[in-house]
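Throughout, protein chains are lettered first and strands after them, A, B, ... in sequence-line order, and every chain is numbered starting at 1. The structure displayed is predicted, hence computed values, not measured ones.
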There are 2 protein chains.
Amino acid sequence: MTILPRRSRLTGASSSDRGLPNATVARLPLYLRALTQLRSQGSQTCSSDQLAESTGVSSANVRKDLSHLGSHGTRGVGYDVDHLRAEIAQAIGQTQDWNVVLVGAGNLGTALAAYPGFTSRGSRIVAVVDADPARVGEQVGDLAIESIDHLETIITERAVSIAIVATPGQAAQTVADQLVGAGVTSILNLAPVALRVPEGVDVRQVDVAAELQILAYHEQRKGHPREEAEVSR
Amino acid sequence: MTILPRRSRLTGASSSDRGLPNATVARLPLYLRALTQLRSQGSQTCSSDQLAESTGVSSANVRKDLSHLGSHGTRGVGYDVDHLRAEIAQAIGQTQDWNVVLVGAGNLGTALAAYPGFTSRGSRIVAVVDADPARVGEQVGDLAIESIDHLETIITERAVSIAIVATPGQAAQTVADQLVGAGVTSILNLAPVALRVPEGVDVRQVDVAAELQILAYHEQRKGHPREEAEVSR
DNA sequence: TCGATTTTGTGAACGCCTTCACCAACTCGT
DNA sequence: ACGAGTTGGTGAAGGCGTTCACAAAATCGA
């Protein structure tokens, strides 16, 4: 009666294939960032200690992560910056640019559309859509806002596989359903709700308000001294 | 996952005191959100299954988390929504509003300043500062941009203990140093760099570009079918 | 060439977190 | 009152990830 449980939604580090541990994958972008900076400073090699320094990860952890790539540094020397960069870029699919559709042209959406940091890091926003007909046609960055009704066409014709959801909370699930229906299999959700998506679709959640609440918890435990009379000057 | 990219220095769930596991703390905001919604829908009680449903956490995990609060649901019935809300709110310090200073009035900064979701979830932005003198005085939301030179005064006089850093990457470390020097002990960093802070200061990192890169990794492993000729119509 | 030094790669230990399995406690219908 | 159905609490087991500690491999100076 015992059936082998199929891997969970997205946690699955799973099987024997070339899959990297999830925790490692989450740190690869950090290494890439650091390596880019080191390169621009002229370094040709770097040690795990240097990478640790500039990413906040422990050096042992850096080495373990990089060893998963099959990457070979040189003992006594360190890693070749260019080579390692290329290797990580390949691992996370940075050899190509990924086309991204941004749903929701509110404050946050427009801010993201204008952010130059995506392009330099492997993603390109190729469309901004909004549900409000009044906004359609409006220029945001170098893109014009399009109607959400055209979502499916946009996604298929522009080879979009990743979407950013920056709508109000109430709309997010509906939008997600449309996205999934149109073939999107990766969603970055900035709306403060948990999205329900079918197996095989990845969702990553970013919730700034929640992050603040987490900080508040720790702050409270420190005894939030600002509440009492100024003690430390 | 978030996860997080998690900070090494503060990971200590540690000792015998009232500390909750870090993973639990990170989920409390989700429960709070879900409970607020359930309440607005008229529910007076809810089961761990319902909470699991609306947060994406497993029901066993929900129960374990809530048990850490010492919270007592009623078997066969569930949890009292109002009571549980109050209990979680207390745990994460939502009984008061936390004063937050926002550094950096760029696209992202102004978007956050206008976001209404903070106030309803325990944080209140009480100042927006920017390094550009030309921006000082400009209105953003219902606050006027102030000079970053006044940071220390602002922080002490307005009892700020949490800061959001939304500056360009190059400026982030300098800003963080100033913040820490002025007494801030919790930082939410939106700049794409790792901040170095002294022990006792908490940093949480939010990096949208990195999240996209993580999604791209998984997308690549799915075989990004959009790269091939349209097979599935 | 040799010894001192640097730095990677990695097995093993450890710790945190999740999941499982099941008991206890409550409701409801009859 | 009782039995069936529901739901929370929790110890135990298992998995994942980090840290530790050290051997192996490279450089460098003399």
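- Here the side chain of A/H72 is nearest to one of D/dT18, D/dG9, C/dG9, namely C/dG9.
- Axis deviation across the helix from C/dT1-D/dA30 to C/dT30-D/dA1 amounts to 10°, comparing end segments of five pairs, rounded to 10 degrees.
- Judged purely by distance below 3.5 Å, without hydrogens or angles, the side chains of A/S186 and B/E219 pair a donor atom with an acceptor atom.
- Sequence neighbours left out, not one pair with a member in residues 160-173 of chain A passes salt bridge (charged side-chain N to carboxylate O under 4.0 Å, His left out).
- Within residues 76-83 of chain A, the residues approached by DNA chain D to less than 4.0 Å at the level of any non-hydrogen atom are A/V77, in residue-number order.
- Pairs engaging residues 35-52 of chain B under the salt bridge (charged side-chain N to carboxylate O under 4.0 Å, His left out) rule: B/R39-B/D82 [sequence neighbours left out].
- The side-chain contact (heavy atoms from CB on, under 4.5 Å) search around A/A111 returns B/N107, B/A111, not counting sequence neighbours.
- Contacts of A/A23 classified as side-chain contact (heavy atoms from CB on, under 4.5 Å), with partners at least two apart in sequence or in another chain: A/R27.
- For A/R75, there are no side-chain contact (heavy atoms from CB on, under 4.5 Å) partners two or more places apart in sequence or in a different chain.
- A heavy atom closer than 4.0 Å to some atom of DNA chain D occurs in B/C46, B/S47, B/S48, these being the qualifying members of residues 32-52 of chain B.
- When the side-chain contact (heavy atoms from CB on, under 4.5 Å) test is applied to B/A60, the partners found at least two apart in sequence or on another chain are B/S58, B/R63.
- For the salt bridge (charged side-chain N to carboxylate O under 4.0 Å, His left out) condition, the pairs that include at least one residue of residues 116-125 of chain A, sequence neighbours left out, are A/R121-B/D207.
- Atom P of nucleotide C/dT10 and atom NE2 of A/H68 are separated by 9 Å, given to the nearest angstrom.
- Applying the side-chain hydrogen bond (donor to acceptor under 3.5 Å, both in side chains) test to pairs two or more places apart or on separate chains, those with a residue in residues 169-182 of chain B are B/Q173-B/D177.
- Among pairs with a residue in residues 90-100 of chain B, none fulfils salt bridge (charged side-chain N to carboxylate O under 4.0 Å, His left out), at least two apart in sequence or across chains.
- If you check C/dT19, C/dT8, D/dT18 against the side chain of A/R75, the one that comes closest is C/dT8.
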